[in-house]
Amino acid sequence: MLRYALLVMMWLGLPVLAAAEAAAKPPALLLVPAIYGLKSDAGTGKPAHIHDDFLRAIGASATTRPEAVIARLRARFDEAFALEKVERITPANKYRTYAVSLEVLRADQYQVSRPDGTVDIYLPVSLRLYVTSLLSGEVLYSRALTSYRNRNELKEDLLSGAAATRIDADYLHNVLELVDRVIAETRQQFQPFQVRATVVGRPLGLYVVDRGMDAGIGKGTELVNASGAGIRILHTGKTYAVGEATLGDIQSGEELAMYSTAAAADIVKPRALVMNADTPADLPGAYAAVQFAENLGNRVAFTVVPVNPDFQSVLQFVATTEGVQQAEVTQKRVLPDYFVRIKIPEPEIYQLPTSKGFSKVRVLVGSAWAELLDRQGRVVYVTQASEQIEDQILEGGIAFESADRRKVLYGNLLKTLGEQFIRDVSFRQDSLTVTTAGEQVQVADPQRSVSAGQSLRLYRPLTLAPVTEPVLVPVWDMTAQAPVAGMVALERQLPVAQPEEKIRKGDVVLLQVSGAGSGEAQAAALCPTLQDKGAIALRDVRALAYFAIGSGSRLPFLGGDTSLSYAFPTLSSERDRLQRSGFASPLAGTVASPALCYQPLIKIDELSRRCDDGSGLCEVELQIAAGVNLLHQGQPAGRKILQAKSQLRNVPQADSATFIQIQASQKLYPLLVDSVRQLALPAADALTQPTAQGN
């Protein structure tokens, strides 16, 4: 089509570079004049992390928009992006136009009373800006900023309402200042570059272009021509990429283009999506996910996939005001390879007496877990973080405000989790060759990288000039059967090549492996029941057991339990958000429930206690037993229990229950990890029915 268009332009005497120049133009930016995040997902009210006073301060309600904030956004955007901005979508620019939108991640308020009759008021506000593709929902750039504005008011002014005007002014000043900062930083940091590639062949019904990872083309990205016809990349090599058609007709020899901000080093990495965290009420899950992702930056072994949760609303704005039909949007954004889940329980707090009668020490203790899972819900990596903050409380209750210290604690936990991901997570790419084709397909797996039930993609190596390396073209999606003696049988699922291709010897499977491969026939999950028979019951004990077992399991461990459906359990809580963000059918496919499960066994008892009434401190001895039953199809298949005595000193007599809970949890976790490590492989190897595991 492009070649024909060029011939027509030559015949008419028009410049033959017009089409190429259209594709080479820088991306256009369309501002969406709205502030998202002020309403719940269902549109029935405000989210819990948006304070009523904030909505009042910016003039937002169910029927009104925050016009002052939108006006400031418009003014700063027009100043910063005068050359890139467009006011409307046209047929000529819609394929290279990105939407700029703003979301309020949180706008909270904390009040802490002081002995002098005043109240400290904390007004944290967090905004995030997105630059999003209108055609796919892919986020080209995002930036999150937070501002803390504090003030002190008389308690009587708060009760009478006299302070409301001053609080409103601070809120408004805060958010306007954030708008200025986020636009200024976006102008400085948003430096997209264009990648151009030529279609050099159409093997097996797919398209091969002559640029790859070295040029910034990664899996899941889209390249289009000047008319909007394009391909979505399924696989990328160093100097080539293979894709499937999305819109329109693409011919060999056509030049396609895309915009990117990613470094070539990041393109090589697997992609991971950080899901909204499970957090306490004063820490929004979306905000925690953003903070964790920003802590990772580009230092981690995977590339974090940004998600615009307001993409559907952006599309509605474009469709109603710019004349672009939502039917034109592909809405087939490819899910990433991995997902990160984070859990932060409610922090614990206790006080320690001091030798000075007029002061005490307040201790705030927090814990957090994070896990990396693949698309089938298999746990790839688990880590735990523990942090505590100690503050002196002087006579009259003078101390750092607990609300402020909780924010510091959360930040420390997310930073520690991120550093552990950066330090510990690594990947290698394995290539497995088909040794048996025909009705039965087998690959050799000497490194034991594959486990039963794993989804794999089969590729065919081809030679295709001018590409100088072998071109791997996707042929089939397959499912691995139970490994036997270093060989893995593959079952056909869906053809990728069109028309359907026969599998041949020499076809290969590519897979990312984190750490050492498990390669075991058995996969396991957490059993629906937990045996906790001790006198001391721990808070969040099931979550603690789940993450400990996930960390210790040397069998493939599924991120849920056998009482849950294994229809991509990692995504079930995120289904609506992912669909609103441009992903197509995020829950397509199912994973069978495993036959093996770990049943946690926990027993914590207090053996002795000796207290000094003068100091207010005690010594407590605990007996801790922790372990697991391994059940195979509901029947016992193994058992391991570890025991330890723990001597706790300086236990505060007044807050002994909280202190003991914290210490017992910290000592229980490694016992559970070790018990699973010692049990799993010997018990699984002893099973005589390796194909009965159902996964």
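Note that the structure is a prediction, hence the values are computed from the model and not measured.
Sorted by first then second residue, the side-chain hydrogen bond (donor to acceptor under 3.5 Å, both in side chains) pairs that include residues 290-300, not counting sequence neighbours, are Arg299-Glu419.
Remark: Ala664 pairs with Leu538, Ile604, Leu622 by the side chain to side chain contact (heavy atoms under 4.5 Å, CB included) rule, at least two apart or across chains. Residues that satisfy the side-chain hydrogen bond (donor to acceptor under 3.5 Å, both in side chains) test with Asp278, not counting sequence neighbours, are Lys343. Residues meeting the ring-ring contact (aromatic ring centres under 6.0 Å, His included) test with Tyr36, sequence neighbours left out: none. With sequence neighbours excluded, the residues satisfying salt bridge (charged side-chain N to carboxylate O under 4.0 Å, His left out) with Arg56 are Asp53, Asp168. Applying the salt bridge (charged side-chain N to carboxylate O under 4.0 Å, His left out) criterion to Glu619, with sequence neighbours excluded, gives Arg610. For Lys640, there are no salt bridge (charged side-chain N to carboxylate O under 4.0 Å, His left out) partners, not counting sequence neighbours. Residues passing the salt bridge (charged side-chain N to carboxylate O under 4.0 Å, His left out) test with Asp120, sequence neighbours excluded: Arg114. Legend: residues meeting side chain to side chain contact (heavy atoms under 4.5 Å, CB included) with Arg166, ordered by chain and number and at least two apart, are Arg151, Glu153, Asp157, Ala163. Remark: Ser551 pairs with no residue by the side-chain hydrogen bond (donor to acceptor under 3.5 Å, both in side chains) rule, at least two apart or across chains. In this structure, the side chain to side chain contact (heavy atoms under 4.5 Å, CB included) partners of Leu55, at least two apart in sequence or on a different chain, are Leu38, Lys46, Ile50, Ala60. A search for side chain to side chain contact (heavy atoms under 4.5 Å, CB included) contacts involving Glu621 returns Leu607, Ser608, Lys645, Gln647, not counting sequence neighbours.
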